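Chain naming here is simple, since letters A, B, ... match the order of the sequence lines and numbering starts at 1 in each. Computed from a prediction, not measured in an experiment: that's the story for all the values here.
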Protein chains: 2
Amino acid sequence: MTSDVRGRVGSSGASVRHRVVSAEEGPLQGGSTEPVKGTLYRKVAADLREAIAAGAYGSGGRLPAEAELAERYGVSRGTIRQALGALRADGLVTSRRGTRRVVLGTTPVQSFAELVSFTSWARSLGEEPGGRVERVERRPADPRECEKLRLDPGAEVVLVLRVRTLSGRAVMVERSVYPLWIGELVARIPADAVSHTELLQEQGVVFADADHTIDLTAADADDARLLGCEPGDALLRERRRSTDPGGTPVEWSEDRYLPGTVAFTVHNSLATSALARRHRRPPRAEGA
Amino acid sequence: MTSDVRGRVGSSGASVRHRVVSAEEGPLQGGSTEPVKGTLYRKVAADLREAIAAGAYGSGGRLPAEAELAERYGVSRGTIRQALGALRADGLVTSRRGTRRVVLGTTPVQSFAELVSFTSWARSLGEEPGGRVERVERRPADPRECEKLRLDPGAEVVLVLRVRTLSGRAVMVERSVYPLWIGELVARIPADAVSHTELLQEQGVVFADADHTIDLTAADADDARLLGCEPGDALLRERRRSTDPGGTPVEWSEDRYLPGTVAFTVHNSLATSALARRHRRPPRAEGA
DNA sequence: TAGTGGTCTAGACCACGAT
DNA sequence: TCGTGGTCTAGACCACTAT
């Protein structure tokens, strides 16, 4: 019961996709795409992802046992488990005691960068990203900004308001607030630069974690003018706080999308639940 | 069932919250709340979560080194790393080589159940969940439903349309589609039952993984009538496909929320990126 | 009962950050 | 340089699923 592999891909067979990536072999890696960075388990994970995407196990099919994978790749079971853990977090496979892992879907997963940076997201779609800075302000942070950026009351921030375009079409208005030490870098960025995030990263600012809140809001005068809709129209809103690897907040942004241009997708499971549904108290205002 | 953890945390101080949970000590566990299920690393994780929520390390503060935690709890470093991995996935702490972990936030994390079940979510908020079944249909699945539920073309499904209320206020319209084997269970549920999900779980249906897509849509006639808004008004939409531990789809649901009643939050990081932003092609209709 | 993934241990070495 | 987390190994035992 070794080689089962249900959807055999090509005559070469699925087993070919499984390479031994031992240290002696050097930077070898499997597949026709980019070499994968350093660690063993990442290489294994990349190879498995590729095999799954190629349909080697079918949708709903079962993966080989951990022990078998360990032998195939010539690594320990622990390393295989690390690789499979990554696939599970991406929602590609299930896992439960007693049974082999099952392929859940073949959806390619976006990188973290594609989430934090509009530009790299657009590029990954083959769209031409664009942006126009509408306003830059330096001013004292309001209380919410202080909390989000973990600043002392009265500290100053830099606010940047931009329209973002996809192949020329305005789809989003972005209001980003930066702490001063980042804001000063941002202020030096040319007005016609496409990606602020990428330029910041070139200057050593690392985005490592982000919290996103997604809901709906009404367009204000700026939004309406920049997106070509009416004030009061509903927009899909994403508010995002990003931090660097040390946990220091580097950006607090509110992005408002024209309806129909974007959707957010999340995978979660019993083991990993990073998504939450948040209640918002009814306005419960006066008598209206 | 229970759940969580938050609540008061005595004045006993942080060091006390770290308990040795060695095997000899039996089912002991730390904290003033519910005992945590079986495994060691879950107990350790629960204890650390509690300590963080109590502010034992402050927001932005640093956790003890892995080696020290291992000694305190009397477990191996691997087990500590498993526990810390869970906290990292929840967005509670960062981690990077060379430095101790940093506390990112103290936001309590929702369980998976609170995401898949409106009822258990509402209860966790202290709100009174309610629902009224508006329509139940058994009919052939359309192509999209076949794909989502992984059914053969022409297979039948059960559709349930319900209004969901929070303390009496209608906030959401839910359209759930079930494969027949589940739908038959659903059809036997009394019309006034509050939670379909919980009843299904009592009958052995396990929800283990879910994919969520969040965007914006316009209210149709049903929505408008049930939510008390106008047709065409914007609603926050969540579409969700849930699967059981074997990877078999058990539910495909579309939930439409009145604006201002709910927001979705997600945490992701360089290591774990379960959130994605999805493009929707412009209608690119006729000549407009 | 046999096979599978889940948990846990004990140790090793390395890459990185702070000092 | 030293402490820290990241990776990897080799083995053990257990809980669960399928047969």
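Here B:Arg100 pairs with nothing under the salt bridge (Lys or Arg N to Asp or Glu O under 4.0 Å) rule; sequence neighbours left out. By the ring pair (Phe, Tyr, Trp, His ring centres under 6.0 Å) test, A:Phe118 pairs with A:Trp121, sequence neighbours left out. Listed by chain and residue number, nothing satisfies the side chain to side chain donor-acceptor pair (under 3.5 Å) test with B:Gln82 (two or more places apart in sequence, or in another chain). Annotation: side chain to side chain donor-acceptor pair (under 3.5 Å) contacts of B:Thr197 (sequence neighbours excluded): none. Considering only residues two or more places apart in sequence or on other chains, B:Thr99 meets the side chain to side chain donor-acceptor pair (under 3.5 Å) condition with none of them. Remark: B:Arg97 pairs with no residue by the salt bridge (Lys or Arg N to Asp or Glu O under 4.0 Å) rule, at least two apart or across chains. Shown here are the side chain to side chain donor-acceptor pair (under 3.5 Å) partners of A:Arg123, two or more places apart in sequence or in another chain: A:Glu198.
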Which protein N or O atoms sit under 3.5 Å from an N or O of nucleotides 16-19 of chain D?
| unit_1 | atom_1 | unit_2 | atom_2 | d |
| --- | --- | --- | --- | --- |
| D:dT17 | O3' | A:Thr99 | OG1 | 3.4 |

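Interface limits on DNA chain C: the 5'-most and 3'-most nucleotides within less than 4.0 Å of chain B heavy atoms are C:dT7 to C:dA18.
Along DNA chain D, the nucleotide closest to B:Leu63 and the one closest to A:Thr79 are compared, and the more 5′ of them pairs with B:Leu63. Toward the 5' end of DNA chain C, the nearer of the two residues B:Gln82 and B:Arg77, judged by each one's closest nucleotide, is B:Gln82. Along DNA chain C, the nucleotide closest to B:Ser76 and the one closest to A:Arg81 are compared, and the more 5′ of them pairs with A:Arg81.
Inspection of the A:His267 and B:Asp209 side chains reveals an N or O donor paired with an N or O acceptor under 3.5 Å.
Regarding B:Arg62, its CZ atom lies at a distance of 10 Å from the C1' atom of D:dG3, rounded to whole Å.
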